[in-house]
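Values below: all heavy atoms of this structure, side chains included; hydrogens, waters and symmetry mates excluded. Both counts, for ligands and for their atoms, begin at 1 and track the order of listing. Nothing fancy with the numbering, it's 1 onward along the sequence.
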Amino acid sequence: MKEPKQLSVSAIENGTVIDHIPASGLFKVIQILGLDKINNQITFGTNLESKKLGRKAIIKLAGIFFEDDDINRIALVAPDAKLNIIRGYEVVEKSVVRVPDEIIGIARCVNPKCITNFESVTTRFKVVSKKNVALKCHYCEKITDQEHMVIL
Ligand code: CTP
Ligand code: ZN
């Protein structure tokens with residue numbers, strides 16, 4: 001038998017729980033997924049204790065189910081995020097985020113002379129390394145690595 005456990009944030013009936021977000025990445029995840037612009041019920045907790053991350057954040061989205069392409073956009077700021085699909089209060093599916101092959105928007109190009117840094121052109125990158133993420137700019141071909149990555 002399972003021990004009853006205390007949920008820091010209430011359970012949801014149907015929707016998506018994004019767990020293991022680094023606490024420092026919570027608001028970026030909200031921004032990337034456009035969660036500030038939807039009317040669904042959203043609950044989140046942050047600075048929760050996590051063995052793996054030190055401090056983690058969790059977001060619970062009632063009635064929202066993402067396409068892989070949409071959710072994978074958070075991989076740059078929450079590479080260890082775990083997704084739980086909830087139906088009828090049960091976890092029916094678990095998955096992890098994966099760094100996509102292409103990143104549109106989200107990050108800034110490291111090259112100060114890049115067109116994306118002085119005209120209103122959306123950044124666009126090919127992902128050339130997924131482990132230590134490295135992005136190659138579609139416009140200037142310069143590489144932006146993890147260390148120099150600035151999230152827009
Ligand atoms: N959850 C929820 N509402 C439910 C069921 C689960 O909000 N009706 C949340 C839990 O709070 C947890 C996550 O979904 O944050 C995953 O649930 P579960 O697999 O039961 O928890 P764990 O076994 O702790 O998951 P893991 O170790 O895989 O992170
Ligand atoms: Zn560039």
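Proximity of a side-chain donor or acceptor of Asn40 to a complementary backbone N or O of Ala62 within less than 3.5 Å is detected. Side chain of Thr144 to backbone of Met149: no donor-acceptor contact under 3.5 angstrom is found.
Under 4.0 Å from ligand 1, the heavy atoms of Ile58 that appear belong solely to its side chain. Residue contacts with ligand 1, taken as heavy atom pairs separated by less than 4.0 Å, involve Lys94 solely via side-chain atoms from C-beta onward.
In this structure, of Glu13, Lys60, His20, Arg87, the residue bringing a heavy atom nearest to atom 11 (O) of ligand 1 is Lys60.
Looking only at side-chain heavy atoms (C-beta outward), Ser95 and Leu83 come within less than 4.5 Å of each other.
Every atom of ligand 1 with a heavy atom of Asp19 under 4.0 Å away is listed here by number and element: 15 (O), 29 (O). Interface of Ile86 with ligand 1, defined as ligand atoms under 4.0 Å from a residue heavy atom, comprises 1 (N), 4 (C), 5 (C), 6 (C), 8 (N). Atoms of ligand 1 lying under 4.0 Å from any heavy atom of Asn84, numbered from 1 in the order shown and given with element: 13 (C), 16 (C). Below 4.0 Å from some heavy atom of Ala11 lie the following atoms of ligand 1, by number and element: 2 (C), 3 (N), 4 (C), 7 (O), 8 (N).
A cation-pi arrangement is found for Arg87 relative to Phe65, the charged atom lying closer than 6.0 Å to the ring centre and inside a 45° cone about the ring normal.
Applying the 6.0 Å contact sphere to CD of Glu13 captures more than 12 heavy atoms from other residues, nucleotides or ligands. Annotation: Glu102, atom CD; neighbour count of heavy atoms from other residues, nucleotides and ligands within 6.0 Å is above 12.
Considering both main-chain and side-chain atoms, Ile12 comes within under 3.5 Å of ligand 1 through a nitrogen or oxygen pair.
Coordination check, Cys109 versus the Zn ion (ligand 2): passed, since an N/O/S atom of the residue sits under 2.8 Å.
To the nearest 10 degrees, the Zn ion (ligand 2) sees SG of Cys114 and SG of Cys140 at an angle of 110°.
To the nearest 0.5 angstrom, Glu141 atom CD is 4.5 Å from Lys136 atom NZ.
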